[in-house]
There are 4 protein chains.
Amino acid sequence: MPKPKRKSKASANREAKQSKPAKKGLLERLAEGPVIGDGSFLLVLERRGYVKAGYWTPEAVVEHPEAVAQLHREYARAGADVSQSFTFYASEDKLKFRGNEAAKKYGVNKINEAACSIAKGVADEYGTLLTASLSPTPSYLEGKGKDVVQAEFKVQTEIFKKYDVDFFLVEFFPHLEETLWAIEVCKEYGKPVVASMRIGPDGDRGGNSPGKCAVEMAKAGADVVGQNCHFDYTTSLQTIELMKAELEKEGLSPYLMMQPPGYHVPEANKGGMSALSEYPFAFEPRLLTRWEAQDFARKAFDVGVRYLGGCCGMEPYHIRGIAEELSTERGGRLGEASENHGMWGASLSTGSFLSTMTHRVGKDYWMKPPATGRPFSASYSAFFEGKPKAP
Amino acid sequence: MPKPKRKSKASANREAKQSKPAKKGLLERLAEGPVIGDGSFLLVLERRGYVKAGYWTPEAVVEHPEAVAQLHREYARAGADVSQSFTFYASEDKLKFRGNEAAKKYGVNKINEAACSIAKGVADEYGTLLTASLSPTPSYLEGKGKDVVQAEFKVQTEIFKKYDVDFFLVEFFPHLEETLWAIEVCKEYGKPVVASMRIGPDGDRGGNSPGKCAVEMAKAGADVVGQNCHFDYTTSLQTIELMKAELEKEGLSPYLMMQPPGYHVPEANKGGMSALSEYPFAFEPRLLTRWEAQDFARKAFDVGVRYLGGCCGMEPYHIRGIAEELSTERGGRLGEASENHGMWGASLSTGSFLSTMTHRVGKDYWMKPPATGRPFSASYSAFFEGKPKAP
Amino acid sequence: MPKPKRKSKASANREAKQSKPAKKGLLERLAEGPVIGDGSFLLVLERRGYVKAGYWTPEAVVEHPEAVAQLHREYARAGADVSQSFTFYASEDKLKFRGNEAAKKYGVNKINEAACSIAKGVADEYGTLLTASLSPTPSYLEGKGKDVVQAEFKVQTEIFKKYDVDFFLVEFFPHLEETLWAIEVCKEYGKPVVASMRIGPDGDRGGNSPGKCAVEMAKAGADVVGQNCHFDYTTSLQTIELMKAELEKEGLSPYLMMQPPGYHVPEANKGGMSALSEYPFAFEPRLLTRWEAQDFARKAFDVGVRYLGGCCGMEPYHIRGIAEELSTERGGRLGEASENHGMWGASLSTGSFLSTMTHRVGKDYWMKPPATGRPFSASYSAFFEGKPKAP
Amino acid sequence: MPKPKRKSKASANREAKQSKPAKKGLLERLAEGPVIGDGSFLLVLERRGYVKAGYWTPEAVVEHPEAVAQLHREYARAGADVSQSFTFYASEDKLKFRGNEAAKKYGVNKINEAACSIAKGVADEYGTLLTASLSPTPSYLEGKGKDVVQAEFKVQTEIFKKYDVDFFLVEFFPHLEETLWAIEVCKEYGKPVVASMRIGPDGDRGGNSPGKCAVEMAKAGADVVGQNCHFDYTTSLQTIELMKAELEKEGLSPYLMMQPPGYHVPEANKGGMSALSEYPFAFEPRLLTRWEAQDFARKAFDVGVRYLGGCCGMEPYHIRGIAEELSTERGGRLGEASENHGMWGASLSTGSFLSTMTHRVGKDYWMKPPATGRPFSASYSAFFEGKPKAP
């Protein structure tokens with residue numbers, strides 16, 4: 001198999017930078033300006049053929065490490081500051097939940113080790129921050145209690161520690177309580193902790209408002225708090241504003257984060273985007289364009305968000321868009337992949353056969369709502385969890 | 001970097017098959033049933049960060065061979081029979097056209113060699129057919145004549161021959177004349193020749209009808225003739241029917257092929273999809289779902305198409321869809337990636353946290369037009385080459 | 001000009017009823033079940049060519065009384081219980097506001113008299129309740145104070161009294177204060193008073209919540225309180241629920257009313273539907289179908305609304321839909337126009353040339369969202385008061 | 001019931017004109033410039049509550065003459081040159097077809113007499129041309145032959161003659177043969193004959209192309225030939241171009257006419273708009289705006305159409321739009337109803353409470369595709385005669 005070779009100017013610069021002995025940590029980078037997370041692994045690798053929808057577990061890290069590594073590289077090249085090990089849903093109870101054979105076949109250790117190892121390889125090469133995430137456990141839902149749940153978490157975090165992650169990530173939790181348990185486990189390692197919940201403006205499943213969730217996460221020691229997945233960025237900007245207001249009221253000032261999905265799901269109600277009937281196999285028309293990813297980045301930055309990445313469905317070109325939008329705020333930094341793009345699609349100005357396309361450059365040109373090409377499709381899904389929503 | 005490991009049952013079967021000394025050739029496979037081509041390189045690798053929109057040339061094969069190889073593997077795993085070297089727009093005149101520095105930086109030989117070498121590696125591993133394509137040249141447009149154009153082609157075909165491609169591919173031509181020149185060059189090597197044009201029902205730019213184009217390509221010796229890119233599959237099915245009718249009238253019976261783009265562009269007129277104002281950076285809402293790719297496969301097969309693949313924007317999950325739709329016609333064969341999917345999304349039936357999603361399986365469930373999530377978007381683009389189209 | 005003749009069974013029944021000396025009053029009818037108001041005059045007569053958009057004043061009652069009478073008859077035939085004199089915006093200050101010559105040309109008295117006279121003619125013929133409405137005054141906006149504003153109102157209400165309206169109507173007010181002044185004037189006549197404001201869930205322009213507005217209107221003596229115009233029924237159902245909750249908290253129980261516009265304007269923000277850029281001359285695609293009017297009727301009834309009619313854009317076929325939906329709750333009563341329709345479009349079952357159309361009857365058939373036929377149109381207006389709304 | 005009074009300047013002018021002894025005939029007017037037909041009776045009166053969908057017969061002329069007269073007046077005021085008696089589907093066989101009791105209840109004579117009488121009253125008042133139409137008969141479909149069918153026609157035309165129509169109209173025919181039989185009957189009266197068929201670009205049900213139909217109608221003596229109903233104006237403009245080309249080839253030059261429906265039905269196939277599943281009770285979102293009616297008028301005029309009116313669903317404000325668009329070509333003439341509108345909505349410039357709306361005037365402002373307000377609706381109907389159309 002061919003080996004990656006990187007000869008571009010940007011990569012030369014990067015190598016030069018890498019010669020500096022120490023890379024900056026998360027909090028240091030956040031103090032300087034916005035930090036860019038990476039994008040989706042589950043849904044992107046499902047489309048590439050490596051993840052099984054249903055269980056949504058990450059055994060691809062063992063089965064097809066080259067595919068996972070490739071995606072990590074794409075995010076790093078797009079401009080991400082972070083390489084997040086693909087440890088989502090990799091707690092042991094989840095790996096064996098409802099007939100899932102991943103635990104038996106590979107084991108929780110091997111999966112978490114492989115995920116960290118792959119991400120570390122890319123982080124070392126590109127100078128990105130290494131992290132790994134904890135996610136909701138079946139044990140919590142089954143009411144097994146704090147000790148059992150935290151024991152599941154610790155199996156993972158011990159491996160994260162072994163690979164010396166730069167910070168710990170806690171994400172996609174729908175219950176504040178389990179989130180706080182996860183934060184507590186992570187705090188033991190003396191590294192920064194980043195925590196986000198998959199809640200909307202209505203709050204978590206236990207009836208806690210977004211503001212309450214943010215305050216509790218911050219009080220539990222999370223250095224960065226926020227929202228990820230399930231609602232689109234427009235909806236989640238409201239959630240973040242509710243979090244921010246309550247944090248300010250309490251005199252707390254953690255950094256704010258958003259990692260929305262790469263989809264438009266404006267009609268999603270409390271159940272989030274997975275309750276829409278087209279999820280997960282007919283969501284293509286909802287995919288953000290790169291320009292809409294830029295729109296997210298600008299609006300989130302303006303609201304005060306400083307850790308911006310993507311969740312389900314957010315692809316490398318979206319992360320590149322976020323990086324391009326915030327390049328000024330990041331000292332002009334761009335990912336290598338921007339060499340093939342240019343701000344607002346400047347690469348088109350060179351023309352090719354189609355000289356008529358050279359004017360398709362610029363913010364004004366690209367920020368109009370794109371046509372869908374789908375006259376047989378409605379804008380909104382009529383079905384929510386099986387029940388038609390009124391016209 | 002981690003090396004691919006394949007331990008699945010499907011791959012074990014494949015290895016068993018590979019031990020057979022000779023793989024079947026294109027015409028042999030076509031005689032048995034439908035053959036599945038692979039998908040898009042240019043637009044998919046643009047989104048992954050490796051191709052520059054504008055020139056649209058394939059220097060990524062030299063700069064980032066691992067990214068190109070990974071995409072080849074994804075198509076092979078999806079169920080493609082063919083690994084098509086990424087030699088599109090790699091004639092020397094195109095590599096230096098309008099300020100493009102690819103020719104100077106890497107040279108036409110190195111690029112075509114790298115492309116063939118990467119594809120050959122994957123073809124050897126997966127037992128797919130190796131091919132490489134010729135595409136339109138600037139020299140033709142500049143009126144330099146047959147000798148000059150064919151000389152451009154021969155530089156490429158000599159390399160294709162060196163890598164022992166299983167067949168030659170001629171594609172994306174808007175002029176019948178240049179197509180025939182390309183076929184003529186390919187025919188010299190004594191291998192099967194596959195030829196497709198990027199024309200719609202109105203025919204080529206020289207005023208030749210689809211039927212005329214098909215007949216001439218067949219008379220020139222193409223074993224497979226058809227249409228690729230520029231118009232969506234609904235429109236191109238009409239083109240194919242026009243081709244078929246004229247071929248039958250002339251008593252010709254080459255195999256028919258279709259490699260449509262992965263987008264819905266029903267409103268495209270003669271200029272094809274690149275004339276729509278959202279091209280190429282805001283086409284996401286137009287992306288086919290996997291089910292629409294299945295719909296294409298079924299309809300194309302029913303019309304008589306036997307070589308079915310994808311062009312710009314057609315991704316691995318689309319190719320998997322085509323392979324799943326035609327698995328019965330292909331003796332039950334499926335790509336490895338179908339292990340993570342199952343027919344009509346059967347993997348969802350296992351459930352996960354969301355037991356409410358287990359019913360989301362089956363043709364009836366998925367064949368409804370998906371919502372777009374885009375209430376600010378129209379279905380059709382109002383602007384064609386700068387001129388608004390009437391409501 | 002031909003004279004109306006009515007020989008149908010329904011009209012015979014009606015005549016029989018008319019022989020009873022006294023028709024039931026508003027409160028008596030409300031005690032028995034839902035009361036149906038009539039629909040739009042301004043926008044419907046604008047489309048018929050009799051009202052001038054801009055001033056939106058009702059001088060058509062003088063200029064073309066036959067057109068106004070005809071529309072009254074259509075509402076009565078559709079099943080309305082109420083004939084509302086076309087006195088909207090007929091205060092003297094409005095009739096001469098910003099260059100409007102209606103006051104000078106015809107005078108406030110003549111216009112209000114003509115409006116009442118026409119409506120009375122139809123009410124007498126069809127047994128409907130006669131009413132007439134007060135609407136917002138320029139004097140209020142110009143800060144002229146309670147005395148001036150109430151003087152404007154009294155000119156109108158004295159005429160309403162002269163025509164012996166069955167009840168007084170106060171509507172379309174965006175300010176609670178002016179609403180209360182209008183109610184106060186109407187209460188002097190010892191007849192029932194119905195009051196509705198054109199507010200959304202965010203409340204009135206003075207910062208009063210819908211609940212506060214409802215409570216104050218009820219305390220001021222309005223027998224029926226609610227919402228009309230400006231927001232579509234889906235949005236206004238929320239407004240009504242907010243009103244209801246607060247009324248219950250205060251131990252108040254006026255009847256609730258809704259007279260929404262005949263349009264879908266889900267994206268309207270605080271400015272209401274007139275802030276959408278397509279208002280008022282490109283609102284056709286937003287027109288409710290008759291089935292959507294039925295949907296409104298059912299949902300409003302279920303929430304507890306007992307006075308249901310329509311405002312701008314609500315046409316006779318919408319009122320017929322409301323009457324058909326609630327016919328069971330109204331003792332089986334239907335308007336005469338239902339003879340030409342039947343429940344859920346039953347008239348189609350007779351067939352005509354197109355026997356294929358006879359199955360197009362029934363709730364299941366008609367309650368699906370209708371296609372728009374408009375591939376160049378978006379669902380939502382991108383422009384609100386000149387400022388584009390984000391995608 | 002109040003009597004119409006007309007005191008406007010326009011009506012004064014009209015009265016002045018009326019004092020001239022002879023009004024100009026159809027051919028005379030066509031020689032001077034475009035002639036404007038009137039709009040829809042069936043579907044408009046269905047929505048107003050006077051026509052029964054299913055049979056679609058015009059007994060409203062007997063039952064509610066005031067409603068029919070009012071609609072005639074609205075078209076005349078909008079700027080129509082023609083008052084077309086409501087005799088559609090009023091052949092005797094149709095009035096008793098499939099259980100229809102109209103023939104028995106009122107009789108063919110009474111219905112046709114009433115229709116002509118009402119229209120004549122308005123034509124006399126407004127100086128419009130009086131006409132009446134023949135439409136397809138069940139007898140033709142039942143194969144009863146020329147004599148029977150023409151006998152049905154003659155019952156009607158004898159009444160038309162009695163009311164001294166200015167010209168005869170033959171419309172909505174799907175078969176060329178029956179059209180020619182109708183023209184033959186009309187020609188006997190020595191008046192101009194206008195003939196249009198409800199065909200699309202694919203031609204009539206007997207396999208005759210639009211060109212063939214036009215040529216045959218002209219050869220049969222029709223002074224004006226064209227297309228009406230069933231397909232939207234965009235589609236029918238193609239039909240007209242096909243007609244025109246063939247007429248020119250044959251050296252024939254009748255005037256061309258178009259009376260399209262007031263709906264967007266771009267996805268209608270051979271079955272026309274009534275085959276769309278939303279027909280006839282959920283077609284509101286498809287209604288043309290007044291601006292789209294202007295667009296029709298301009299494009300039709302540019303193609304050479306000189307008789308422009310509307311069929312099903314075309315309302316008074318559409319006819320006003322057509323008249324406003326062509327006012328220059330008609331010597332500055334406008335209907336009375338334009339006093340309440342002004343070119344491109346100029347009446348809004350006066351403002352009202354909403355001074356922010358005064359800029360909503362002008363072609364540039366109004367010619368953008370309007371939003372639909374319907375996020376749950378698709379652009380195209382997925383069902384055609386019960387069979388889903390592919391995405």
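Keep in mind that what you see is a predicted model, and the values were worked out from it rather than measured. Convention: sequence-line order gives letters A, B, ...; per-chain numbering from 1.
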Chemist: Rounded to the nearest 0.5 Å, how far does NE2 of A:H64 lie from CD of B:E336?
Modeler: 6.5 Å

Chemist: With distance as the sole test, does A:R374 use its side chain to make a donor-acceptor pair with the main-chain N or O of B:P285 at under 3.5 Å?
Modeler: yes

Chemist: Answer with side chain, backbone, both or neither: which region of A:L288 has an atom nearer than 4.5 Å to a non-hydrogen atom of chain B?
Modeler: backbone

Chemist: Do you know which of A:A282, A:G345, A:A337 has the most heavy-atom pairs with chain B at a distance under 4.5 angstrom?
Modeler: A:A282

Chemist: Between A:Y50 and chain B, which part of the residue has a heavy atom less than 4.5 Å away: side chain, backbone, both or neither?
Modeler: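 Both backbone and side chain.
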
Chemist: Could you pull out the closest heavy-atom pair between B:A371 and A:S379, with the gap in Å?
Modeler: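 Smallest heavy-atom distance, with atoms named: CB-O, 3.8 Å.
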
Chemist: Can any side-chain N or O of A:R320 pair as donor or acceptor with the backbone N or O of B:G49 at less than 3.5 Å?
Modeler: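 Judged by distance alone, no pair lies under 3.5 Å.
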
Chemist: Ignoring hydrogens and geometry, is there a side-chain-to-backbone donor-acceptor pair from B:Y317 to A:F281 under 3.5 Å?
Modeler: no

Chemist: Quick check: does any side chain N or O of B:R47 sit under 3.5 Å from a backbone N or O of A:P316, one acting as donor and the other as acceptor?
Modeler: no

Chemist: To the nearest 0.5 angstrom, please state how far the NE2 atom of B:H264 sits from the OG atom of A:S377.
Modeler: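 The distance works out to 7.0 Å.
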
Chemist: Can you tell me which portion of A:A378 sits under 4.5 Å from chain B's heavy atoms? Options are side chain, backbone, both or neither.
Modeler: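 Contact with chain B involves the backbone of A:A378 alone.
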
Chemist: Side chains of A:Y380 and B:P375: closer than 4.5 Å at any heavy-atom pair?
Modeler: yes

Chemist: Give, for atom NE2 of A:H341 and atom CD of B:E46, the distance between the pair rounded to the nearest 0.5 Å.
Modeler: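 Between atom NE2 of A:H341 and atom CD of B:E46 there are 5.5 Å.
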
Chemist: Do NZ/NE/NH1/NH2 and the carboxylate oxygens of A:R360 and B:E278 come within less than 4.0 Å?
Modeler: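 Looking at B:E278 together with A:R360, the answer is no, because their closest N to O distance does not fall below 4.0 Å.
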
Chemist: Quick check on the interface: out of B:A346, B:P266, B:G121, who has the most heavy-atom pairs with chain A under 4.5 Å?
Modeler: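 If we count pairs closer than 4.5 Å to chain A, B:P266 comes out on top.
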
Chemist: Please rank A:G99, A:P280, A:S338, A:G342 by heavy-atom pairs under 4.5 Å with chain B and give me the top one.
Modeler: A:P280

Chemist: If you look at every heavy atom in B:V51 and A:N340, which pair is closest and at what distance?
Modeler: O-CB, 3.5 Å

Chemist: Could you tell me whether A:E142 atom CD has more than 12 heavy atoms of other residues or ligands within 6.0 Å of it?
Modeler: yes

Chemist: Is the backbone of A:A53 close enough, under 3.5 Å, to the side chain of B:S347 for a donor and an acceptor to pair up by distance?
Modeler: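 Side chain of B:S347 to backbone of A:A53, a donor-acceptor pair under 3.5 Å: yes, one is there.
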
Chemist: I need the residue from B:A78, B:P370, B:A60 with the largest number of non-hydrogen atom pairs under 4.5 Å to chain A.
Modeler: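 Heavy-atom pair counts peak at B:P370.
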
Chemist: Rounded to the nearest 0.5 Å, how far apart are OH of A:Y279 and CG of B:L348?
Modeler: 8.5 Å

Chemist: Below 4.5 Å, heavy atoms only, C-beta onward: do B:E66 and A:Q70 meet side chain to side chain?
Modeler: yes

Chemist: Just to verify, what does A:F231 make a side chain to side chain contact (heavy atoms under 4.5 Å, CB included) with, not counting sequence neighbours?
Modeler: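 With neighbours one apart ignored, the set is A:Q227, A:T235, A:S236.
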
Chemist: Heavy-atom cut-off 4.5 Å, strictly under: side chain, backbone, both or neither for A:E315 against chain B?
Modeler: neither

